[in-house]
Every structure is written in C-alpha cells, then in structure tokens.
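The block underneath contains the structure these notes are about, expressed in structure tokens.
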Amino acid sequence: ATKISALENTTFVARIGPSGADRGYIAITGQPGWGISWYINGTLIPELVVRRGQTYTFIVEGGNNPSTTAQYHPFYITNSPSGGRLLNTPEQQASEVVYAGFQGSTMPTGVGRYCEYQENPLSENLRTSCGAFQDYFKALNFSCSTGESGVVIW
C-alpha cells in the first residue's frame with residue numbers, strides 16, 4: 001500500500017471510487033474487494049502513518065442518505081481490517097474498537113455529500129492493460145452531489 005505520512009499533513013479528503021480490481025484493492029490487500037474503496041487524498045486505500053496525540057481531520061464525501069445504500073458509505077476508523085461495521089452482527093461490532101466516526105455504537109457521524117471517482121471506457125482499458133495505476137486514476141471521471149462535506153475529527 002502507498003503510505004501517506006500524517007506527520008506533515010493533518011487534513012485528509014476521503015472519497016469513494018472503484019477498487020481497481022486485480023491491480024488495485026486486490027493487489028494491495030490480497031483480499032477480494034467490494035467493487036468500491038476509499039481514496040484518501042486521491043490515493044486508493046493508503047496506509048496512513050499517524051502520530052499519537054496529534055489531531056487529524058477527515059473531510060468525508062461518501063454520502064449522507066442511508067436510504068440510498070449505493071451512495072451511502074459512512075467513514076469511520078476502527079481496529080477492524082474489513083470494515084462494513086453497519087452490516088456486521090452485534091457480536092462482530094462488540095469486538096471492534098471505534099476510534100472515530102461514530103456516536104455511540106450505531107450512529108455514524110462520518111457522512112457528507114457523495115463524491116465518486118467513476119470508470120469510463122478509457123480508464124477501464126487502462127485498468128486491464130499494463131499501464132500504471134496512477135494513469136488509470138487520472139483517467140477516472142469525478143462527480144459530486146450537492147451539499148456539504150462531512151468532517152471526522154480523530
């Protein structure tokens with residue numbers, strides 16, 4: 001995974017985009033993806049290097065309407081490697097430590113307008129060819145719904 005050092009930067013923008021299949025999420029994690037993933041500051045699921053005691057701000061653009069499930073992805077930070085907290089059983093949720101993005105155990109606070117990087121014929125061709133992942137990312141379309149971004153402070 002690409003590392004982003006939070007030692008120099010304390011504000012991050014979190015947006016949704018395609019997982020990049022075999023050359024993206026799967027290549028980074030070794031696990032199958034859900035088809036979409038978080039991009040932090042334009043980087044697919046980076047490893048954030050943080051400093052204990054430092055405060056970090058995440059500008060969240062993963063959707064804020066739970067009735068539109070395809071465009072509702074609350075942002076939160078836990079000790080779980082797999083995510084999906086709202087879809088987990090109460091037993092699974094109880095085993096997670098939530099660091100930021102929830103009020104109580106079931107009320108996500110990391111919600112905001114929906115912004116998404118989207119594939120198109122050019123980006124799809126680059127994803128399946130031998131091109132660099134950064135070229136694929138640059139070819140993606142980008143759009144945002146109206147409304148305000150959310151904020152998660154950690």
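Every heavy atom of this structure was used, including side-chain atoms; hydrogens, water molecules and symmetry mates were not.
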Within this structure, what is the [atom1]-[atom2] distance for the pair [X] and [Y], rounded to the nearest 0.5 Å?
X: K138; Y: S123; atom1: NZ; atom2: OG; value: 14.5 Å
X: R15; Y: S37; atom1: CZ; atom2: OG; value: 16.0 Å
X: H73; Y: I16; atom1: NE2; atom2: CD1; value: 5.0 Å
X: I36; Y: Q118; atom1: CD1; atom2: CD; value: 11.5 Å
X: T109; Y: I153; atom1: OG1; atom2: CD1; value: 10.0 Å
X: I45; Y: S19; atom1: CD1; atom2: OG; value: 8.5 Å

Exercise for the section: Just do the ring-ring contact (aromatic ring centres under 6.0 Å, His included) check on F137 and Y39 with the steps written out, would you? Expected result: CA-CA 10 Å; F137 174 73; Y39 284 71; 5.6 Å; yes
Practice task
Give the intermediate values and the outcome of side-chain contact (heavy atoms from CB on, under 4.5 Å) for residues E96 and N79.
Solution key: CA-CA 6 Å; E96 287 182 347; N79 66 344; 3.9 Å; yes
Problem - Ring centers of Y72, Y114 separated by less than 6.0 Å - result: no
Are any of the side-chain heavy atoms of [X] and [Y] separated by less than 4.5 Å?
X: I40; Y: V13; value: no
X: N64; Y: Q71; value: no
X: W154; Y: T57; value: no
X: N88; Y: L86; value: no

Handout entry: Criterion salt bridge (charged side-chain N to carboxylate O under 4.0 Å, His left out) on E148 and R113, from CA distance to verdict
Key = CA-CA 5 Å; E148 298 293 319; R113 70 182 183 164; over 6 Å; no
List the atom of [X], the atom of [Y], and the distance in Å for their closest heavy-atom pair.
X: P18; Y: Y136; value: CG-OH, 3.2 Å
X: V152; Y: A100; value: CG1-CB, 3.7 Å
X: G42; Y: Y117; value: CA-OH, 4.1 Å
X: V111; Y: G63; value: CB-O, 3.5 Å

State plainly whether one hydrophobic cluster holds both [X] and [Y], where clusters connect Ile, Leu, Val, Met, Phe, Trp and Tyr through side-chain heavy atoms under 4.5 angstrom apart.
X: Y76; Y: W34; result: no
X: I77; Y: V97; result: yes
X: W38; Y: L48; result: yes
X: V49; Y: F12; result: no
X: V60; Y: V151; result: no

Pairing donors with acceptors under 3.5 angstrom, does anything connect the side chains of [X] and [Y]?
X: E61; Y: S149; answer: yes
X: T43; Y: N41; answer: no
X: Q31; Y: Y25; answer: no

Practice task
In plain terms, say whether R127 and E119 are close enough for a salt bridge, that is, a side-chain N and a carboxylate O under 4.0 Å apart.
Solution key: yes
Fill in the blank from the handout: Hits for side chain to side chain contact (heavy atoms under 4.5 Å, CB included) against Q54, two or more places apart or cross-chain, chain-then-number order -> T10, R51, Y56
Practice task
Could you tell me whether R85 sits above the aromatic face of F102, with NZ or CZ closer than 6.0 angstrom to the six-membered ring centre and within 45 degrees of the axis?
Solution key: yes
